[in-house]
2 protein chains.
Amino acid sequence: MLLSQTCIYGLRASALLASKSRADYTTIRELSDELDISFHFLTKVLQKLTKSELLESYKGPNGGVKLARTASDIKFMDVVLSIDGDSLLHECALGLPGCGILEPCPMHDQWSGLKQNIVTMMKDITLKDLANNYNSTHLTFDSFNKGNQV
Amino acid sequence: MLLSQTCIYGLRASALLASKSRADYTTIRELSDELDISFHFLTKVLQKLTKSELLESYKGPNGGVKLARTASDIKFMDVVLSIDGDSLLHECALGLPGCGILEPCPMHDQWSGLKQNIVTMMKDITLKDLANNYNSTHLTFDSFNKGNQV
DNA sequence: GTATATTAAGACAAAATAGTCTTATATATT
DNA sequence: AATATATAAGACTATTTTGTCTTAATATAC
């Protein structure tokens, strides 16, 4: 799996927040219910995004979380970096720590090309894009969670 | 990480076997020493490849493992499928079980394009390619394991 | 046939990841 | 002030992945 489960949860919650495009705060409980993710676990995931200043949180009644910037200004990659870190950018396909331009492993050239494409995509796509696609499918995220399609 | 550690060990051992291009058996001990991988763990990894009939094994003195076919006839993808299975081929970037053409998740189109490129590469590269590159670098795999480059 | 060399198999341990639960802290409402 | 609502933080548990160790099975050589 390319991204950790934690990261995927963060991406889904971020995309859902973006699709709501609300100015006020959304509770994590609402997000966890819609996404069918454990409330407590999602709380911890979103804390990372808050610390990275991708989200803003507010305690107490009418509190919750919201995007810290406009959805078009937060990239897929921002969420990945915040949660999974930058290991994806540097990792050798064969897991060799010394692999690089000077001492390429047998996979280096092929893999770094592909990796660059992945990174480009992640830097290209914003939460707004995710939210747009999300809305255009006329599907709730919840429907995915039921696994009703192969 | 795209591939499991187990899978990476399998790939490295397979590439090393291919680079030796020996007709007789190589002991797992020799492979594990050169690759600096735990002997017992590598044994279990290679057992999977043997069961998948990518390798042949032989017990007793002068025994060991060798490629079951010529190196140019075993693909990177064969090893990945044997060890990690085909989850990579089907996985949605957002981990949504229902994601597909009928009910695409917000990432579906972009991700399936990239995924296809990855799969194409893995089906394209053979152990012979890995071995060639490996030899042309004039580096032992061992030098990578020391992590002497950023 | 006994000793030696090798993979096969499976029990066990350690580490990383994922998930749960409880308590603390901040805010709003009354 | 008291109560209710929300995130923050951290202890704890469960699961998966990775790694270790012991024993079994098989083949060779003498």
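Being a predicted model, the structure only gives us computed values, none of them experimental. Below, read A as the first sequence line, B as the second, and so on, with proteins coming before strands; counting in each chain starts at 1.
Ring-plane geometry between A/Tyr9 and A/Phe41 is classed as perpendicular, the angle between the planes exceeding 60 degrees on a 0 to 90 degree scale with a lower cut at 30.
Where A/Lys44 and B/Gly63 each meet DNA chain C at their nearest nucleotide, the meeting point lying more 5' is that of B/Gly63.
When each of D/dC21, D/dA8, D/dG19 is scored by its nearest atom to the side-chain atoms of A/Thr43, the top-ranked nucleotide is D/dA8. Minimum atom distance to the side chain of B/Ser4 is reached by D/dT18, of the listed C/dT7, D/dA6, D/dT18.
As rounded to whole Å, 14 Å separates atom C1' of D/dT7 from atom CG of A/Leu17. Atom-to-atom, CZ of A/Phe41 to P of C/dT22 comes out at 18 Å; the value is rounded to the nearest Å. Atom CG in B/Leu2 sits about 15 Å away from atom P in D/dT17, given to the nearest Å. We find that CG of A/Asp84 is positioned 13 Å from C1' of C/dA16, with the value rounded to whole Å. The CG atom of A/Leu55 sits 15 Å away from the C1' atom of D/dA6 (whole-angstrom rounding). One atom, CZ of A/Phe39, and another, P of D/dT5, lie 13 Å apart when rounded to the nearest Å. Atom pair B/Arg29:CZ and C/dA8:C1' shows a separation of 15 Å (rounding to whole Å applied). Nucleotide D/dG19 holds its P atom 14 Å from the NE2 atom of B/His40, rounded to whole Å.
Residue B/Lys51 is classed as a sugar-phosphate contact, given heavy-atom separations below 4.0 Å to backbone atoms only. B/Leu46 comes within 4.0 angstrom of nothing in the nucleic acid, heavy atoms only. Within 4.0 Å of A/Gln47, counting heavy atoms only, lies at least one base atom of the nucleic acid.
With no hydrogens or angles considered, a side-chain donor-acceptor pair links A/Asp129 and A/Thr126 at under 3.5 Å.
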Could I get a table of every N or O pair under 3.5 Å where one atom is in the protein and the other is in nucleotides 28-30 of chain C?
unit_1: C/dA28; atom_1: OP1; unit_2: A/Tyr58; atom_2: OH; d: 2.6

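In this model, the phosphate group of C/dT7 is not approached by any side-chain N or O of B/Ser57 to a distance below 4.0 Å at OP1 or OP2. Look at B/Ser38 and you'll find a side-chain N or O under 4.0 angstrom from OP1 or OP2 of D/dT20. Phosphate proximity of C/dT27 to A/Tyr25: absent, as no side-chain N or O sits under 4.0 Å from OP1 or OP2.
In this structure, B/Lys66 contributes its side chain and B/Tyr58 its backbone to no donor-acceptor pair below 3.5 Å. Under a 3.5 Å cut-off, the side chain of B/Asp84 and the backbone N or O of B/Ser4 do form a donor-acceptor pair.
The minimum heavy-atom distance linking B/Met122 with B/Lys75 is given by the pair O-CB, 4.1 Å.
By the 6.0 Å contact criterion, CD on B/Gln5 is enclosed, its count of non-hydrogen atoms from other residues, nucleotides or ligands being greater than 12.
Residues passing the side chain to side chain donor-acceptor pair (under 3.5 Å) test with B/Ser82, sequence neighbours excluded: B/Ser52.
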